[in-house]
Undergrad: 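Sharing a structure with you now.
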Amino acid sequence: METILTGIRVNGELTLGNLLGALLPMARLSEQYKATHQINVFVPDLHTIIADVDGNLADNTMKSLRYYAAAGLDLGHENIRIYRQSYVSAHSELCWILDCIATMGEMGRMTQFKEKSEGRDSANVGIFNYPVLMAADILLYSAKYVPVGEDQFQHLELTRNLGERFNNKYGEVFRLPATTAEQAAFMKGLAAEGGKADGIRIRDLLNPEKKMSKSSPAENSKIMMSDSPEAAAKKIMSAATDSVGKVQFDMFNQPGISNLLQILALTTGDTLESVVARYSGETNYGDFKRKVAEAVELFMTDFQAREAEVSDADILAAFLRGEKYANQVANAKLLEAQKAIGLR
Ligand code: TYM
């Protein structure tokens, strides 16, 4: 069975961007593939600590699993494995091994590192090393498909490069994940445009050139999944648009309106094409926004009701089962790598 693998950090709160760009597609995908694929969904708690944490990591982990379950992930299915990264020590060990073949140059070119460190000397080394740990997360399980948002595609390329470099140097140990173009094609509804893979990226509501991010200080720029449905609707009403004056899907010239079209499609479960066909040419932005606000409000209400029904006991049972499996698979792959290098 092929493995599909993904992770989402647990900073306590999720944005609508995380949900629509990562959790929901993952949940839908897992429904489609759980009968025929191994599906690994893990909590990268070691990645989380690159930022200050408030001592509530374990609680936040439970919270994010509740979000996954509310998004439709079937915690009890035998082919769906849920685990916490810090409970599988092979991730850290392989990370070190890959560190010794990764170069300062390629790591320094990682966009997320550049954005997060802003060239500060005080930036922690974890921020720099983050993509190598991510490569270990993927290579340990020989995962083929790794559904992530567009911002993570560069890290998937790095994963392929490090896996290939290791194999060339020490012998065939790692199975490389699919190319980003193949990943995008696999994630239904995402287009591979002109050879450049393009995943879903929900934009900041006030600065739609940027992605919606939990770290943005402006409250109205992001919808948190814990916002009340009414507050979320208000944020949509105050979203930045443009002076073109006509609804069209054009991420480059009209990122605000295009973002709202994207949000409308994902929250109603319609395809982007049909939403675009329905609203294209509409000239009253206020009316259009009201439609999106209503869809978001309804989506949030349903989602929060489902979330309240998820039980902690079910989550903990899924972790125990998943971590047993993960340690077996990851330790076996780690041993192969250790033997190839001559450590064993
Ligand atoms: P994290 O927590 O930063 O992001 C989790 C997922 O959410 C996606 N995402 C978005 N998608 C659309 N629009 C947005 N505005 C938006 N913001 C975030 C991200 O692309 C991601 O898919 N490095 C990973 C975590 C990770 C991982 C892994 C993933 C660690 N190891 C191994 C897959 C495989 C990350 O960015 O988490």
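One-based numbering, in listed order, for ligands and for the atoms of each.
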Undergrad: Could you walk me through whether Lys63 and Asn56 pass the side-chain hydrogen bond (donor to acceptor under 3.5 Å, both in side chains) test, one step at a time?
TA: CA-CA 10 Å; Lys63 206 190 277 177; Asn56 287 328; over 6 Å; no
Undergrad: Met212 to ligand 1: N or O pair under 3.5 Å?
TA: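 Yes: some nitrogen or oxygen of Met212 is under 3.5 Å from one in ligand 1.
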Undergrad: Which of these, Gly17, Gly7, Pro177, has its nearest heavy atom closest to atom 16 (C) of ligand 1?
TA: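 Shortest heavy-atom distance from atom 16 (C) of ligand 1: Gly17.
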Undergrad: Against heavy atoms of Ala22, which atoms of ligand 1 measure under 4.0 Å?
TA: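 Numbered from 1, ligand 1 contributes 6 (C), 7 (O), 8 (C), 22 (O).
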Undergrad: Going by the atom numbers of ligand 1, which of them fall below 4.0 Å from some non-hydrogen atom of Tyr130?
TA: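 Near Tyr130, the atoms of ligand 1 are 23 (N), 24 (C), 25 (C), 35 (C), 36 (O), 37 (O).
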Undergrad: I'd like to know whether Gln112 forms a side-chain hydrogen bond (donor to acceptor under 3.5 Å, both in side chains) with Gln154, so could you lay out the CA-CA distance, the side-chain angles of the two residues, the decisive distance to 0.1 Å, and finally the verdict.
TA: CA-CA 9 Å; Gln112 183 176 300; Gln154 197 184 24; over 6 Å; no
Undergrad: On a heavy-atom basis, which atom in Asn259 and which in Met251 lie closest, and how many Å separate them?
TA: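 Looking at all heavy atoms of both residues, the shortest contact is N-CE, 4.0 Å.
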Undergrad: Evaluate Gln152 for polar contact with ligand 1, using N/O atom pairs at a separation under 3.5 Å.
TA: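 So ligand 1 has an N or O lying under 3.5 Å from an N or O of Gln152.
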Undergrad: Which ligand 1 atoms does Val146 reach within 4.0 Å, using its non-hydrogen atoms?
TA: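 Matching atoms, with element in brackets: 33 (C), 34 (C).
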Undergrad: In ligand 1, which numbered atoms sit nearer than 4.0 Å to a non-hydrogen atom of Lys211?
TA: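 Under 4.0 Å from Lys211, ligand 1 has these atoms: 15 (N), 17 (N), 18 (C).
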Undergrad: Applying side-chain contact (heavy atoms from CB on, under 4.5 Å) between Thr159 and each of Leu139, Val132, Asp137, report the one that passes.
TA: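 Result: among Leu139, Val132, Asp137, Leu139 is the only option passing the side-chain contact (heavy atoms from CB on, under 4.5 Å) with Thr159.
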Undergrad: Select the closest option to atom 19 (C) of ligand 1 among Asp151, Asn259, Leu20, Val148, judged by heavy-atom distance.
TA: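 Comparing heavy atoms across Asp151, Asn259, Leu20, Val148, the nearest one to atom 19 (C) of ligand 1 lies in Asp151.
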Undergrad: Does His155, backbone or side chain, put an N or O under 3.5 Å from an N or O of ligand 1?
TA: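 There is no such contact.
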Undergrad: Counting heavy atoms only, name the option from Thr159, Asn18, Leu16, Ile138 that's nearest to atom 17 (N) of ligand 1.
TA: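 Among Thr159, Asn18, Leu16, Ile138, the closest heavy atom to atom 17 (N) of ligand 1 belongs to Asn18.
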Undergrad: Nearest non-hydrogen contact with atom 14 (C) of ligand 1 belongs to which option: Thr15, Asn40, Ile202?
TA: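 It is Ile202 that holds the nearest heavy atom.
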Undergrad: Going by the atom numbers of ligand 1, which of them fall below 4.0 Å from some non-hydrogen atom of Leu5?
TA: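 Selected atoms, number and element: 34 (C).
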Undergrad: Run the salt-bridge test on Glu31 and Arg28 with the 4.0 Å N-O cut-off and return the result as yes or no.
TA: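 No, Glu31 and Arg28 are not salt-bridged.
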Undergrad: Would you say the rings of His91 and Tyr141 are close, in the sense that their centroids are separated by under 6.0 Å?
TA: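 Yes, the ring of Tyr141 comes within the 6.0 Å limit of the ring of His91, centre to centre.
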